Amino acid sequence: SMIDPKLEKALNAQVNKELQAWYSYLSLAAYCKSINFNGFGAYMETHAREEQAHAHRLMNYVLDRGAQIELQSIKPPKMEYDSLVEVFEHALEQEEQNTRAIYELYELAKEVNDYSTVAALQWFLDEQVEEEKVMTEAMGLVRFAGDDKSAMLALNQQFGAQAATAVEE
Ligand code: OFO
């Protein structure tokens with residue numbers, strides 16, 4: 001059955017949010033790499049790829065339902081960061097915002113009795129639980145390392161190694 005026009009619009013807006021998150025992770029990766037923390041940079045790149053995959057997944061769902069995709073422009077992300085702690089805080093905040101956006105989408109899908117979309121969004125909710133968990137832990141570690149340079153270098157290496165295995169999967 002047809003997607004409610006309001007929901008179709010909201011799904012398209014969420015595709016844009018996923019792409020916005022993709023762009024933001026690219027910016028975080030670029031910042032980390034610009035200060036030679038390539039491990040953190042690679043880690044942020046894996047998150048960028050995930051967000052891109054989310055956009056594709058949602059886009060294909062909209063198309064499978066016979067609805068229209070309207071790609072909107074992506075705004076330039078924040079490019080200046082003061083510290084690695086700020087980088088990770090920003091990433092976590094972004095995930096939290098995205099969770100709220102998916103909650104709203106889920107509520108709208110329920111409101112218009114679109115049970116297929118409710119079911120499709122469950123995957124995104126589960127994914128957000130995982131991403132918030134992972135990013136909360138990462139942010140906690142980076143915040144804990146704080147001004148300890150050797151601790152920060154060790155984390156950089158660890159996150160880089162983690163990103164390298166994520167690529168192989
Ligand atoms: Fe982690 O944001 Fe996509 O869903």
Side-chain angles (χ1 to χ4, degrees), residues 3 6-33 39-65 67-79 81 84-112 114-143 155 159-160 162-169:
I3 288 191
K6 249 192 316 185
L7 183 58
E8 181 182 45
K9 203 169 164 223
L11 287 165
N12 271 284
Q14 186 61 33
V15 170
N16 185 265
K17 287 200 178 82
E18 301 291 347
L19 292 173
Q20 204 69 60
W22 165 63
Y23 233 31
S24 175
Y25 274 120
L26 286 186
S27 147
L28 294 170
Y31 171 79
C32 293
K33 289 188 163 184
F40 288 139
Y43 180 81
M44 290 301 175
E45 281 173 347
T46 65
H47 282 279
R49 275 192 289 276
E50 279 192 34
E51 298 305 338
Q52 202 189 29
H54 296 166
H56 282 275
R57 186 183 181 106
L58 201 54
M59 187 176 95
N60 285 325
Y61 173 73
V62 171
L63 293 171
D64 285 349
R65 290 290 304 276
Q68 295 283 327
I69 278 293
E70 251 184 86
L71 294 173
Q72 306 292 331
S73 52
I74 310 171
K75 291 189 293 285
K78 172 177 162 69
M79 290 300 307
Y81 303 94
L84 289 163
V85 173
E86 196 198 347
V87 161
F88 279 84
E89 282 173 348
H90 187 79
L92 177 58
E93 199 177 297
Q94 177 175 293
E95 292 296 349
E96 288 168 346
Q97 272 173 18
N98 197 43
T99 300
R100 285 195 291 275
I102 295 167
Y103 283 169
E104 281 173 27
L105 204 49
Y106 192 94
E107 271 171 37
L108 179 61
K110 266 178 36 186
E111 212 178 282
V112 299
D114 190 329
Y115 305 112
S116 308
T117 300
V118 166
L121 289 174
Q122 187 60 51
W123 183 91
F124 286 87
L125 288 178
D126 294 343
E127 180 74 2
Q128 282 312 110
V129 169
E130 179 65 19
E131 300 214 322
E132 279 195 37
K133 184 199 93 175
V134 160
M135 205 49 82
T136 299
E137 191 184 307
M139 198 270 285
L141 289 172
V142 169
R143 199 180 259 173
L155 280 181
F159 280 49
Q162 213 174 303
T165 54
V167 170
E168 284 163 27
E169 274 164 15

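Counting starts at 1 for both ligands and their atoms, following the listed order. These numbers come from a predicted model, not from an experiment. Computed from heavy atoms alone, side chains included, the values below leave out hydrogens, waters and symmetry copies.
Backbone or side-chain N, O or S atoms of Glu95 reach atom 1 (Fe) of ligand 1 at under 2.8 Å. At least one N/O/S atom of Glu51, whether from backbone or side chain, sits less than 2.8 Å from atom 1 (Fe) of ligand 1.
For Gln128, every heavy-atom contact with ligand 1 shorter than 4.0 Å involves the side chain, none the backbone.
Distances from atom 1 (Fe) of ligand 1 to the N/O/S atoms of Glu131 are shortest for OE1. His54 has its closest N, O or S atom to atom 3 (Fe) of ligand 1 at the position named ND1.
Note: Leu108 CG to Gln14 CD = 11.5 Å, rounded to the nearest 0.5 Å.
Nearest approach of Asp114 to Ile3, heavy atoms of both residues: OD2-CG1, 4.0 Å.
Here is the list of ligand 1 atoms found below 4.0 Å of a heavy atom in Glu18: 2 (O), 3 (Fe), 4 (O).
Looking at Asn98 and Gln128, their side chains come closer than 4.5 Å, going by heavy atoms from C-beta outward.
One side chain, Tyr81 or Ser27, offers a donor N or O that lies under 3.5 Å from an acceptor on the other.
Here the rule is side chain to side chain contact (heavy atoms under 4.5 Å, CB included) with Trp22, and of Lys17, Glu51, His47, Arg49 only Glu51 fits it.
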